[in-house]
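Since the structure comes first, as structure tokens, the remarks are kept for the end.
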Amino acid sequence: MSKTTLALIGAGAIARTHIHRIQHSDDLQLVGIADPAPGAQALADALGVPCFADHRQLLETLKPQGAIVATPNPLHVPVAVDCLERGTAALVEKPVADSVAEAQRLVDVQARTGVPVLVGHHRRHNPINRRAREITQSGRLGQLVSAHVQATFLKPDPYFDAAWRRSHGGGPILINLIHDIDMLRFFMGEIVSVQAMGSNAVRGFEVEDTAAAVLRFANGALGTVILSDTVTSPWCWDFCAGEQAIYPRQDVQSHFIGGTHGSLSLPDLSLWNYRGVRSWHAEMTREQTAVHHTDPYTFQLQHFSEVIQGRAESLCSALDGLRTLQATLAVHEASVRGGMVELAA
Ligand SMILES: NC(=O)c1ccc[n+]([C@@H]2O[C@H](COP(=O)([O-])OP(=O)(O)OC[C@H]3O[C@@H](n4cnc5c(N)ncnc54)[C@H](O)[C@@H]3O)[C@@H](O)[C@H]2O)c1
């Protein structure tokens, strides 16, 4: 079987993650790179592929089946639209756009062209989360009632040397929380309204260092999230799921989902329920799914190839990217101005 041909548009930090996975894949072939930065040519030479300063020239010359769009956020939609208009499927890094209106433009172009889009919320491809979604969707937890996410970690002081990370929009809500919001949508369904508070009490920068949010889901369930990049703690997905070697792994849980007939913690996939009488006085049973430790970025690229070949539906569509962005921006807005933000249907 011939390999799926992929191009990389934007050859910065996350691009290295994708390149490494493509190089170790039997099914994927990197055919070119587009990036106007001076260092891109040397990277392309090392990989033995052509380099283009303009992604449109790459698309027209190489006609790749798929392109990974790993540019700065404001370019995600313009570049992805150029891909779709030329028949090249797009794996668009998160966030899908920097505004809901831009994300809607991508949704519309995708619908018109029919060319696939996969948004790079890579955690969806982790087998832990695939299994958690199966469990929540199967009804084994009964009616979904609650969700809690603990996302507290410590960013080192030099991280804030870059001025944009001390200003509005550079904080953990828009950079980190978006992944957890996407996971919650994956398990629980749509978010319809949010309330939130932000605090900068530790660092004193313009940007929040801590935020707490309350979410209402369309199915009536409620969720809470506590987020901070200034807490010394192991309680966040990046530490306990072991997806990336740069974060030392900790044996703790970060996500908790509750239903009328059972509850689930992640990443250990412990399912708690009553076998007999359902009462807080009765013994509980704990079942656990043991999943293989795998790399979600590898699974994401395999899935992208299957989507391109027409063998799978996109697990994170442009509309999913839009809805996750919309809910995350709503948390940010509520944390700044207070009160409740309703999400447009
Ligand atoms: N899914 C994840 O785990 C994850 C992790 C990190 C970053 N990201 C996302 O990936 C994207 C890139 O992040 P990064 O950390 O790699 O940033 P980066 O700044 O390291 O890389 C961006 C690259 O895009 C290039 N670029 C700029 N304009 C371009 C253009 N017109 N055409 C082609 N290339 C252009 C830059 O020269 C740079 O090399 C961001 O949207 C970020 O949110 C996702």
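Hydrogens, waters and symmetry mates are skipped; everything else that's a heavy atom, side chains included, is used. Numbering of ligands and ligand atoms starts at 1, following listing order. None of these values were measured; they are calculated from a predicted model.
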If the threshold is 4.0 Å, N to carboxylate O, is there a salt bridge linking Arg337 and Glu333? yes
Please work out, at 4.0 Å between heavy atoms, whether the side chain, the backbone, both, or neither of Ala70 comes within that distance of ligand 1. backbone
For ligand 1, find out whether one of its N or O atoms is nearer than 3.5 Å to an N or O atom of His179. no
Less than 3.5 Å between some nitrogen or oxygen of Ile14 and one of ligand 1, yes or no? yes
When you measure from atom 41 (O) of ligand 1 to every protein heavy atom, which one gives the shortest distance, and what is it? Asn73 OD1, 2.5 Å
Under 4.0 Å from a heavy atom of Gly12: which atoms of ligand 1 are those, numbered in the order shown and with their elements? 16 (O), 20 (O), 21 (O), 23 (C), 39 (O)
Distance filter under 4.0 Å to Leu75 heavy atoms, resulting ligand 1 atoms: 28 (N), 29 (C), 30 (C), 31 (N)
Got the closest protein heavy atom to atom 35 (C) of ligand 1, with its distance? Pro36 CD, 3.5 Å
Centres of the His303 and His125 rings: under 6.0 Å? yes
Side-chain (Tyr274) to main-chain (His261) donor-acceptor, under 3.5 angstrom: no
Tell me, which protein residue and heavy-atom name are nearest atom 37 (O) of ligand 1, and how many Å apart are they? Asp35 OD1, 2.7 Å
protein heavy-atom neighbour closest to atom 11 (C) of ligand 1 works out as Thr71 O, 3.4 Å
Considering only NZ, NE, NH1 and NH2 on the basic side and carboxylate oxygens on the acidic side, decide whether Arg286 and Asp268 come within less than 4.0 Å. yes
Nearest-option assignment for atom 43 (O) of ligand 1, heavy atoms, candidates Gln300, Glu93, Lys94: Lys94
Backbone N or O of His20 within a donor-acceptor pair of the His24 side chain at under 3.5 Å? yes
Considering only heavy atoms of Ala37, which atoms of ligand 1 have at least one such atom less than 4.0 Å away? 37 (O)
Where is the nearest protein heavy atom to atom 15 (O) of ligand 1: which residue, which atom, and how far? Ala13 CB, 3.7 Å
Report yes if Pro72 has an N/O atom closer than 3.5 Å to an N/O atom of ligand 1; otherwise report no. no
Please report whether the ring centroid of His255 lies less than 6.0 Å from that of Trp237. yes
Kindly say whether Arg21 contributes a backbone atom to a donor-acceptor pair with the side chain of Ser25 at under 3.5 angstrom? no
Among protein heavy atoms, which lies nearest atom 33 (C) of ligand 1, and at what distance? Ala34 O, 3.4 Å
What's the spacing between Leu315 CG and Arg133 CZ if we round to 0.5 Å? 7.0 Å
Carboxylate-amine/guanidinium contact Asp209 Lys155, below 4.0 Å: no
4.0 Å heavy-atom contact, His121 with ligand 1: no
Check this for me, if you would: do Glu190 and Arg185 make a salt bridge, where the nitrogen-to-carboxylate-oxygen distance has to be below 4.0 angstrom? yes
Any idea which atoms of ligand 1 are less than 4.0 Å away from a heavy-atom of Gly120? 1 (N)
Under 4.0 Å from atom 20 (O) of ligand 1, is there any protein heavy atom? yes
Under 4.0 Å between heavy atoms, the region of Asp54 that gets near ligand 1 turns out to be neither
Output yes when the distance from some N or O of ligand 1 to some N or O of His55 is under 3.5 Å, and no in every other case. no
Are Asp182 and Arg123 ion-paired here, with the side-chain N under 4.0 Å from a carboxylate O? no
Enumerated ligand 1 atoms positioned under 4.0 Å from heavy atoms of His122: 1 (N), 2 (C), 3 (O)
Side chain, backbone, both or neither: Ala11 near ligand 1, heavy atoms under 4.0 Å: backbone
For the pair Glu287 and Arg275, find out whether any cationic side-chain nitrogen is under 4.0 Å from an anionic carboxylate oxygen. yes
For atom 3 (O) of ligand 1, what is the nearest protein heavy atom, given as residue, atom name and distance? Tyr297 OH, 2.6 Å
Please state which part of Phe52 comes within less than 4.0 Å of ligand 1, counting heavy atoms only: side chain, backbone, both or neither. neither
Taking the side chain from His122 and the backbone from Gln300, do they hold a donor-acceptor pair closer than 3.5 Å? no
